[in-house]
Amino acid sequence: MESFLCGAVVWKWFDSGVKAGSMSISTHQGLLQQVYIPKFIFPIIAVMGSTARFVPVFIVLCIFLMFMGYSPNHYWLAIPALMIVQFLFVLSIAMIVAMITPFVPDVKVIIDNGMMLLFFISGIFFSIDDVHEPIRSYLLWNPMAFLIDEYRSILLGASWPDWAHLAMIMLLSSLIGVGGLYLLNKLDHKFGKVKF
Amino acid sequence: MTGDVVLELKNVTVSYRVKSGAFRWAKYTPLQEANLQLRRGETVGVIGRNGAGKSTLLRLLAGIILPDSGAVINNNVRVSLLALGVGFLPHLTGRENSILSGMLMGLRRMEIIARMDRIVEFSDLGDFIDRPLHTYSSGMRARLGFSTAIQVDPDVLLVDEILGVGDEDFRKRSSAEMKRLIRSEKTVVLVSHSAPVIKELCSVGVWVNDGLVTVYDSVDEAFSDYHK
């Protein structure tokens, strides 16, 4: 039960951030015809919004865990680091999908279904560590599976996260994010011409 | 009356891709090799049929889209497209929406707050100004939008056919305010289908037709070609 909740709460942040990000430019199409606004702002607003919804839910989760007998310990100090990495990861993906959907609206369907698939392989219903070896490594290629596993081992198992892996995801997210930012700026004036 | 050039289009071509079949795209070119010079203090009236490219011209001048070829030369002026209710959000109050909208149209937060009294007074919304926008009628929303938009005060004002909104009284006041704004020393580009309005307000006529932008020194000449 606690294990599932940890996974579900963390997943929800990623899920809502990416979905809101994917629609962030499309939904403001009317606005974009009237004034010039740098487009990278929209996915940032979307991800900030989903973060603002995640934080209180996460606090409630922590309180719930304390009621269930998991006392806070010094390992919990690593949680902000996980959150920063996850925030960057969500933002980088949101930038990319926000850029694509105005030009190819059908990508929305792919994203929604892709998220469903990811939901089932990110170790929310099960623990990644229960999966046996070759498959476990493959599943951990998915940054969300790794992050969910780490949240769980901090909150429920009291241990430090795998810092090197965390740093790698942070680097990857930064690269994707910078790429997304570059493309959004490059295409900046094209969004005003897309017709829906 | 005319001063130095503030905004200029040089050999500007804009085309849109239009879907014409499953995997076929046609090109639609509303502006082809267009040239236009806007001088300080000028009031330019733009006429042309629906779909001729008038709104494209305004969006180009406002910097919302870029030309496919040619250049838009902005000599350091603030250009703004007059639009009602830009970025209005239903759950914010009238006052907050007004600030948001003003900021989106290029004002600083403090600038729009400083003009809040005038917005409240002109919109005449009374207590509604501090209620959420979803409690507004569409007329009230238009009044707030108009009152905010006219406070933006750019160097070059682009107007796409909005003269008078709301009920009878507000319609009179808003179109009078609009005309006052257009007659002032500001550079204005006005798109309208109403010949009397253009003739009354504009000194220069621009006719957009078949991708061509033709500039006339008087509005009457432009209309005589348009009606040919």
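All figures in this text were calculated on a predicted structure; none of them were measured in a lab. Below, chains carry the letters A, B, ... as their sequence lines are ordered, and counting in each starts from 1.
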Measure the [atom1]-[atom2] distance between [X] and [Y] for me, rounded to the nearest 0.5 Å.
X	Y	atom1	atom2	value
Tyr36(A)	Leu66(B)	OH	CG	8.5 Å
Leu60(B)	His189(A)	CG	NE2	10.0 Å
Leu58(B)	Gln33(A)	CG	CD	12.5 Å
Leu31(A)	Ile64(B)	CG	CD1	9.5 Å

Does atom [atom1] ([X]) have a neighbourhood of more than 12 heavy atoms from anything else shown, all under 6.0 Å?
X	atom1	answer
Met116(B)	CE	yes
Tyr28(B)	OH	yes
His134(B)	NE2	yes
Arg78(B)	CZ	yes
Lys186(B)	NZ	yes
Lys12(A)	NZ	no
Tyr182(A)	OH	no
Trp141(A)	CH2	no

For chain B, the option from Val35(A), Ile37(A), Leu32(A) that forms the most heavy-atom pairs under 4.5 Å: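 Top count of heavy-atom pairs under 4.5 Å with chain B: Val35(A).
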Minimum heavy-atom distance between Val86(B) and Gln34(A), given as atom pair plus value: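 Smallest interatomic distance, heavy atoms only, reads CG2-OE1, 3.8 Å.
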What are the residues of residues 60-98 of chain A, in order of number, with any heavy atom under 4.5 angstrom from a heavy atom of chain B?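 Result: none.
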Side chain / backbone / both / neither for Ser15(B) at chain A, heavy atoms under 4.5 Å: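 Ser15(B) touches chain A through backbone heavy atoms alone.
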